[in-house]
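Here the structure is a predicted model, which is why all the values come from computation and not from measurement. Computed from heavy atoms alone, side chains included, the values below leave out hydrogens, waters and symmetry copies.
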Amino acid sequence: MNSTELLNNKIDKSFYLQSVTDAARNLLGKYLVKFEKSEILAGKIVETEAYDYKFDEASHSFKGKTKKNEVMFEEGGKLYIYFTYGMYFCANVVTGRKDYGSAVLIRAAEPLQGIEKMFKRRFPEIIFSEKDKTKICSGPGKLCIAFALDKESNGTDLCGNNIFISEGEYIEPAKIKSGKRIGIKKSQDLNWRYYIENNPYISVK
DNA sequence: CCAGGGATCCGG
DNA sequence: CGGATCCCTGGG
């Protein structure tokens, strides 16, 4: 897909107003796109996690709105990026109505465009080799390094033309698996991690 | 398994 | 204030 096709297939506002678990499931197969100055980056989303508001203690929004999580409380369709473990950023797609406070964490993607650029950000010392493609965006922190997503992009409107999500590939419902979310201690009973079965680009195999 | 690393939150 | 926590990652 070229830049015009990516833009023409941009998903619209209504997508972000569905429930957070539906959005997490339906984001699989779609393309995360970022237009940079001299480069287009795109990756097929292969793994997500839903974070709700009420009943979900693991969600940043659980205890209410603060300066840090305020973007989560905006109307669906915004990009919520937070800094964690002193080193990494994680990118989330805000869902639901204004003041609700739910979001989908984008955990992994298959690099499609701007692959070498992304690889260089992840491994500055190494020359790109095709076999390493699965390591570029195979985790939420890695994906943010590859796409150069940081505090600056927090709050970006995904209905704009800079960072957005494009209609990608249809994923057979039977190929969509769910399980426990990674790295959380609270609300471990919720199977809100979604991923494409046997996909080599997901974080934890 | 473990430490790195820093912003944020919460109790005193 | 200090201490704990945190949706992570790369290296043993």
Side-chain angles (χ1 to χ4, degrees), chain A residues 16 19-25 27-28 32 43 45-74 76 78-96 100-111 118-126 128-129 131-156 158 163 165 177-196 200-205:
Chain A
Y16 302 104
S19 79
V20 69
T21 47
D22 284 348
R25 181 177 276 272
L27 276 169
L28 297 176
L32 172 65
I45 297 169
V46 297
E47 178 182 346
T48 60
E49 281 177 1
Y51 287 86
D52 206 343
Y53 176 31
K54 293 169 181 169
F55 315 114
D56 184 4
E57 277 193 274
S59 175
H60 282 184
S61 60
F62 183 72
K63 288 178 179 170
K65 190 164 154 181
T66 66
K67 183 102 184 181
K68 173 184 169 176
N69 66 19
E70 61 186 359
V71 174
M72 267 189 94
F73 289 87
E74 291 186 29
K78 293 290 176 66
L79 189 63
Y80 167 50
I81 295 182
Y82 64 84
F83 183 62
T84 191
Y85 291 100
M87 249 181 277
Y88 300 105
F89 291 94
C90 291
N92 302 258
V93 172
V94 176
T95 60
Y100 186 76
S102 58
V104 177
L105 172 66
I106 304 178
R107 286 195 54 91
E110 172 187 348
M118 293 196 273
F119 186 85
K120 197 166 185 173
R121 285 176 175 154
R122 289 266 298 122
F123 309 99
E125 311 296 324
I126 310 175
F128 172 67
S129 137
K131 69 175 166 55
D132 293 326
K133 221 167 89 172
T134 57
K135 302 175 186 167
I136 301 176
C137 299
S138 55
K142 301 174 188 178
L143 183 142
C144 283
I145 295 170
F147 276 83
L149 295 173
D150 58 24
K151 205 88 187 164
E152 296 294 298
S153 299
N154 185 39
T156 300
L158 294 171
I163 303 169
I165 296 177
K177 298 292 170 188
S178 66
K180 301 197 182 314
R181 294 173 293 180
I182 311 286
I184 57 163
K185 294 185 180 130
K186 300 163 185 167
S187 299
Q188 291 190 339
D189 52 316
L190 300 171
N191 290 322
W192 283 357
R193 171 181 178 238
Y194 300 91
Y195 57 97
I196 302 173
Y201 297 93
I202 63 176
S203 62
V204 185
K205 275 72 179 181

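Under 3.5 Å, the side chains of A/Y82 and A/N69 contain no donor-acceptor pair of N or O atoms. Between A/S203 and A/R107, the side chains place a donor N or O and an acceptor N or O closer than 3.5 Å (distance only, hydrogens not considered).
Within the 4.0 angstrom heavy-atom criterion, only backbone atoms of the sugar-phosphate kind lie near A/R122; the bases stay farther away. In this structure, A/L105 reaches the bases: a heavy-atom distance under 4.0 Å links it to at least one base atom across the strands shown. Counting any heavy atom pair closer than 4.0 Å across all strands shown, A/K186 reaches sugar-phosphate atoms only and no base atom.
The residues A/D56 and A/R181 are annotated as salt-bridged, a charged nitrogen and a carboxylate oxygen being separated by less than 4.0 angstrom.
Remark: A/R122 engages no residue in a salt bridge (Lys or Arg N to Asp or Glu O under 4.0 Å) (not counting sequence neighbours). Residues passing the ring-ring contact (aromatic ring centres under 6.0 Å, His included) test with A/F83 are A/F89, sequence neighbours excluded. Under the rule for a side-chain hydrogen bond (donor to acceptor under 3.5 Å, both in side chains), the partners of A/Y51 that lie at least two apart in sequence or sit in another chain are A/E49. Remark: A/I202 pairs with A/V46, A/E47, A/R193, A/Y195, A/N199, A/K205 by the side-chain contact (heavy atoms from CB on, under 4.5 Å) rule, at least two apart or across chains. A/N154 is linked by a side-chain contact (heavy atoms from CB on, under 4.5 Å) to A/V71, A/Y80, A/I81, counting only residues two or more places apart in sequence or in another chain. Partners of A/E57 according to the side-chain contact (heavy atoms from CB on, under 4.5 Å) rule, which considers only residues two or more places apart in sequence or in another chain, are A/F62, A/K186, A/S187. Taking the ring-ring contact (aromatic ring centres under 6.0 Å, His included) definition, one finds that A/Y85 meets it with nothing, sequence neighbours left out.
Nearest-nucleotide assignment on DNA chain C puts the 5′-proximal partner with A/T84, out of A/S138 and A/T84.
Of the residues in residues 139-149 of chain A, none has a non-hydrogen atom less than 4.0 angstrom from any atom of DNA chain B.
Taking CD1 of A/I45 as the reference point, atom CG of A/L32 lies at 5.5 Å (rounded to 0.5 Å).
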Open item on the list: One character per nucleotide, please: for nucleotides 7-12 of chain B, 5' to 3', B when the base has a protein heavy atom closer than 4.0 Å, S when only the sugar-phosphate does, - otherwise.
Closed with: -SSS--
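Stems are defined here as 3 or more consecutive Watson-Crick or G-U wobble pairs with pairing distances under 3.5 Å; those involving DNA chain B are B:1-4 with C:8-11, B:6-11 with C:1-6.
When ring centroids are compared, A/Y53 and A/F73 come within the 6.0 Å threshold.
On the nucleic acid side, DNA chain C has its first and last nucleotide under 4.0 Å of a heavy atom of chain A at C/dC6 to C/dG10, going 5' to 3'.
Residues in residues 134-144 of chain A take part in these side chain to side chain donor-acceptor pair (under 3.5 Å) pairs, two or more places apart or across chains: A/D132-A/K135, A/S138-A/K142.
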